[in-house]
2 protein chains.
Amino acid sequence: MKKKATIHDIAKELNINASTVSRALADSPRVKAKTKDLIRAKALEMGYSRNHLASNLRRRKTSTIGVIVPNISRFFFSTAIAGMEAIASQQGYNLIICQSHDSTEREAQLIETLLAHQVDGLMISIAMDGDDRSHLQRIEDYEKPVVFFDRACHTIKGHNVLIDDYARAFEATEQLIQKGCKRIVHFAGQGDVSIYSERIKGYLAAMAKHGLEVKEEWIMKSRLKKLDGEEMAWKLMSMNPRPDGIFSANDIAAISAIDALREATLSIPEDIKVFGFSGEPISMFTSPNLSTVDQNPELMGNKAAEILLKQINGEEIPDSPTVIESKLVLRQSSN
Amino acid sequence: MKKKATIHDIAKELNINASTVSRALADSPRVKAKTKDLIRAKALEMGYSRNHLASNLRRRKTSTIGVIVPNISRFFFSTAIAGMEAIASQQGYNLIICQSHDSTEREAQLIETLLAHQVDGLMISIAMDGDDRSHLQRIEDYEKPVVFFDRACHTIKGHNVLIDDYARAFEATEQLIQKGCKRIVHFAGQGDVSIYSERIKGYLAAMAKHGLEVKEEWIMKSRLKKLDGEEMAWKLMSMNPRPDGIFSANDIAAISAIDALREATLSIPEDIKVFGFSGEPISMFTSPNLSTVDQNPELMGNKAAEILLKQINGEEIPDSPTVIESKLVLRQSSN
DNA sequence: TTGTACGCGTTATCAC
DNA sequence: GTGATAACGCGTACAA
């Protein structure tokens, strides 16, 4: 097992000092061009590559950013991460990506691990399985900058990057109303998390603006999974009078509801119009294809990374959240 | 800016030596239970957490695994990663996830960076934009274990975790034949990568077995993106006699082709039957929904991680590739 | 059971 | 422009 070359090995071979090697490889102006060339050639020859562990330890900086999302296999998050990565890698930063699976407990662990790895900053979309956010305090203890994205958080100092969930929910609901819906149910998310509460508010505000009553049973909370959507579809079909519109806080529930409704021989959008939320790619391919809200995840990732990097570089960032452009995507299901 | 506590700080507070603190926090049996309790309490009080950088440098082990995939936002890869993460985190390992965007050049950079970060091992699905694999040599130089998944690689020593692309392609083609297709085109991938060449072979073998001729123009190579699928659909419609079946090496091209064919008022599966590959979730929701091949990405991730961890722990792994179970998913488009 | 001393590989700081 | 030395924070062989 041959040992990896270090700057000392290179130095020894060339009969010079390790610090010169270090400087040369960092392209410091304080090393003669000729020596630099010599050192670089030797480094290449010996297959040297810098040990980032040691370097980071010494410099007290890792050029690494920790990212925590509920689940990387969801389109929204994987695309947001791609957006972050684009910016981060441009500036020589690497991402460590972790999944909380929406468990606060796991999130706490991950934060601890990432801090122990001396990440220079964090980007988090917080878990929504509870309202205890005390574990975030550790980030402040470590004085690391943090950006929260998609799901707002105000328990500790940190910038928020969001879309205007309220406005889009309002507009989506209003769109259904304008197409003639009068009895619109809302598939709401559960958990103490901003995105869902804002969407409920937007829905209620739109209904109120148009003088439409909202029955209590119309606000149906669930985890918005496939089965939840089907279940809610059956439930709403048993209501009398039957609702004529659905505004769902995500696409999955909306799509599975459509399937269930059509199985019960209802027509979409003729009998019931449906509006989703998230802009999942699937929404383009369903039949009828689904109206939804494009959350612009890539741009959100870009912005989150830009802001975090600014903070890492010592810039002051205004407290007010950064709002990412988002927009309705009108398709057949709400027409 | 208050400094973070180190083992020395804890030691000083308790008037003991730093090494005792180090041992206590590692739960070494060589420290009295009472001292341990004392130290742990103090550590908690001071908000101590171990500096992994220093620890890893000293131990020459990072408990970190580097993962390189073309694109994490693709369902297959994000699910495979989820599968890896499940196993890795069980054993106290973290993943650093990187995207090559199918660029060999970027892949080479990433490998260099990951090695410099002293990862304990690598899992790679190699980029397919060329046939130069010399950059992989660096992994051998560093004597790090590596597992290739999905896309086979034999240029350096390393285990492969794959599905049987040949067999599934054979079966999918045969399925189309059994449903009556006689003129089946193949949407093939391009690039020097095993998955696509195996799928072509499987297709050809099935055609040959049933005595069906394969015209040269029927093997249509492309990057299999949305536009490629549409383009190939138009092209095949201009063929005389018109093909009556499509076996596509991925789902995206198959789905966009279906859209184009239906736009041209052809019926699927009546006029043309279609079989995809990959098991993208979208395939469930299209109409008609798409027959495809479930690649079992989560299990593939599990296996890849298990095997790599064994290697990291010094176990010898047999050279022969690990083949993951995969299966056809029969739906309307091929019926 | 605890303390001493040193090394992991790099970089900052001072000297020349 | 280069060399010597210490320090980053931790872990461990050896001594006590």
Side-chain angles (χ1 to χ4, degrees), chain A residues 1-40 42-43 46-64 112-113 115-120 142, chain B residues 1-40 42-43 46-64 112-113 115-120 142:
Chain A
M1 163 142 166
K2 59 175 182 249
K3 282 256 265 326
K4 273 301 308 160
T6 73
I7 50 172
H8 291 100
D9 300 329
I10 297 177
K12 202 173 290 174
E13 289 269 321
L14 294 174
N15 279 317
I16 56 174
N17 192 282
S19 25
T20 308
V21 178
S22 173
R23 280 191 285 256
L25 294 174
D27 205 17
S28 150
R30 303 173 47 121
V31 180
K32 222 187 343 187
K34 210 158 186 179
T35 346
K36 267 188 201 172
D37 290 344
L38 216 62
I39 291 172
R40 283 195 192 127
K42 201 53 156 181
M46 301 179 70
Y48 169 85
S49 106
R50 171 187 287 130
N51 183 329
H52 280 181
L53 249 46
S55 172
N56 292 341
L57 174 61
R58 183 63 239 243
R59 292 183 307 126
R60 304 173 141 279
K61 167 144 182 56
T62 56
S63 298
T64 298
E112 204 59 47
T113 308
L115 290 174
H117 275 288
Q118 316 296 120
V119 294
D120 293 337
Y142 268 74
Chain B
M1 162 143 168
K2 57 177 180 251
K3 282 253 266 322
K4 273 301 309 161
T6 73
I7 50 172
H8 292 100
D9 301 329
I10 297 177
K12 202 173 290 173
E13 290 269 321
L14 295 174
N15 278 317
I16 56 175
N17 192 282
S19 33
T20 308
V21 178
S22 172
R23 279 191 284 256
L25 295 174
D27 204 17
S28 152
R30 302 171 48 123
V31 179
K32 218 184 353 184
K34 210 158 187 179
T35 339
K36 268 189 199 171
D37 290 344
L38 216 61
I39 292 172
R40 285 200 190 121
K42 200 54 156 184
M46 300 178 71
Y48 169 85
S49 105
R50 171 189 285 130
N51 183 329
H52 279 183
L53 247 47
S55 171
N56 292 341
L57 175 60
R58 182 63 236 246
R59 291 182 310 127
R60 306 172 140 279
K61 166 143 183 57
T62 55
S63 298
T64 298
E112 204 59 48
T113 308
L115 291 173
H117 275 288
Q118 315 296 118
V119 294
D120 293 336
Y142 269 73

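Each chain gets a letter, A, B and so on, in the order its sequence line appears, and its residues count up from 1.
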Exercise for review: Spell out, as yes or no, whether a donor-acceptor pair under 3.5 Å connects the side chain of A/K4 to the backbone of A/G47.
Suggested key: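 Present.
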
Practice item. State whether the number of non-hydrogen atoms from other residues, nucleotides or ligands found under 6.0 Å of B/K12 atom NZ is greater than 12. Key: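 It does not: B/K12 NZ has 12 such atoms or fewer within range.
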
Check your understanding: Which part of the nucleic acid, if any, lies within reach of B/H8 when heavy atoms closer than 4.0 Å are counted: base, sugar-phosphate only, or nothing?
Key ->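 Base, at least one base atom sits under 4.0 Å.
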
Given atom [atom1] of [X] and atom [atom2] of [N], what is their separation to the nearest angstrom?
X      : N      : atom1 : atom2 : answer
B/L53  : C/dG7  : CG    : P     : 21 Å
A/N51  : D/dC8  : CG    : P     : 18 Å
B/D27  : D/dT12 : CG    : C1'   : 17 Å
B/H52  : C/dC8  : NE2   : P     : 22 Å
A/K12  : C/dG9  : NZ    : P     : 12 Å
A/Q118 : C/dT10 : CD    : C1'   : 16 Å
B/I39  : C/dT1  : CD1   : P     : 13 Å
B/N56  : C/dG9  : CG    : P     : 13 Å

Review point. Which sits closer to the 5' end of DNA chain C, B/L57 or B/P29, going by the nucleotide each is nearest to?
Key: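 Looking at DNA chain C, the more 5' nearest nucleotide goes with B/P29.
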
Point to revise | Non-neighbouring partners of A/S49 that pass side chain to side chain donor-acceptor pair (under 3.5 Å), sequence neighbours left out | key: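 Side chain to side chain donor-acceptor pair (under 3.5 Å) check on A/S49 returns B/Y142.
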
If only side-chain N and O atoms of [X] are considered, is one of them under 4.0 Å from the OP1 or OP2 phosphate oxygen of [N]?
X     : N      : result
A/R60 : D/dG9  : yes
B/S22 : D/dG11 : yes
A/R50 : C/dT11 : yes
A/T35 : D/dG1  : no

Is any side-chain heavy atom of [X] closer than 4.5 Å to a side-chain heavy atom of [Y]?
X      : Y     : result
A/H117 : A/T62 : no
A/T6   : A/N51 : no
A/Y48  : A/V21 : no

Exercise for review: Look at the side chain of A/R58 and decide which nucleotide, out of C/dT1, C/dA12, D/dG9, has an atom nearest to it.
Suggested key: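 That would be C/dA12.
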
**Study point:** Residue B/V31, side-chain heavy atoms: nucleotide from C/dT11, D/dC8, C/dT2 that is nearest
**Key:**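 Nearest nucleotide to the side chain: C/dT2.
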
Exercise for review: For the helix from C/dT1-D/dA16 to C/dC16-D/dG1, figure out the bend between the end axes, five pairs an end, and round to 10 degrees.
Suggested key: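 Here the local axes at opposite ends form an angle of 40°.
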
Review point. Can A/K42 and A/D9 be counted as an ion pair, charged N to O under 4.0 angstrom?
Key: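 No salt bridge links A/K42 with A/D9.
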
Between [atom1] of [X] and [atom2] of [Y], what distance do you get to the nearest 0.5 Å?
X      : Y     : atom1 : atom2 : value
B/D27  : B/R40 : CG    : CZ    : 5.0 Å
A/D120 : A/N56 : CG    : CG    : 8.0 Å
B/I39  : B/K32 : CD1   : NZ    : 10.5 Å

Atom pairs, N/O to N/O, protein against nucleotides 3-5 of chain C, distance under 3.5 Å?
from  : atom 1 : to    : atom 2 : distance (Å)
C/dG3 : OP2    : B/N17 : N      : 3.1
C/dG3 : OP2    : B/T20 : OG1    : 2.7
C/dG3 : N7     : B/R23 : NH2    : 2.8
C/dG3 : O6     : B/R23 : NH1    : 3.1
C/dT4 : OP2    : B/N17 : ND2    : 3.2
C/dT4 : O4     : B/S19 : OG     : 3.3

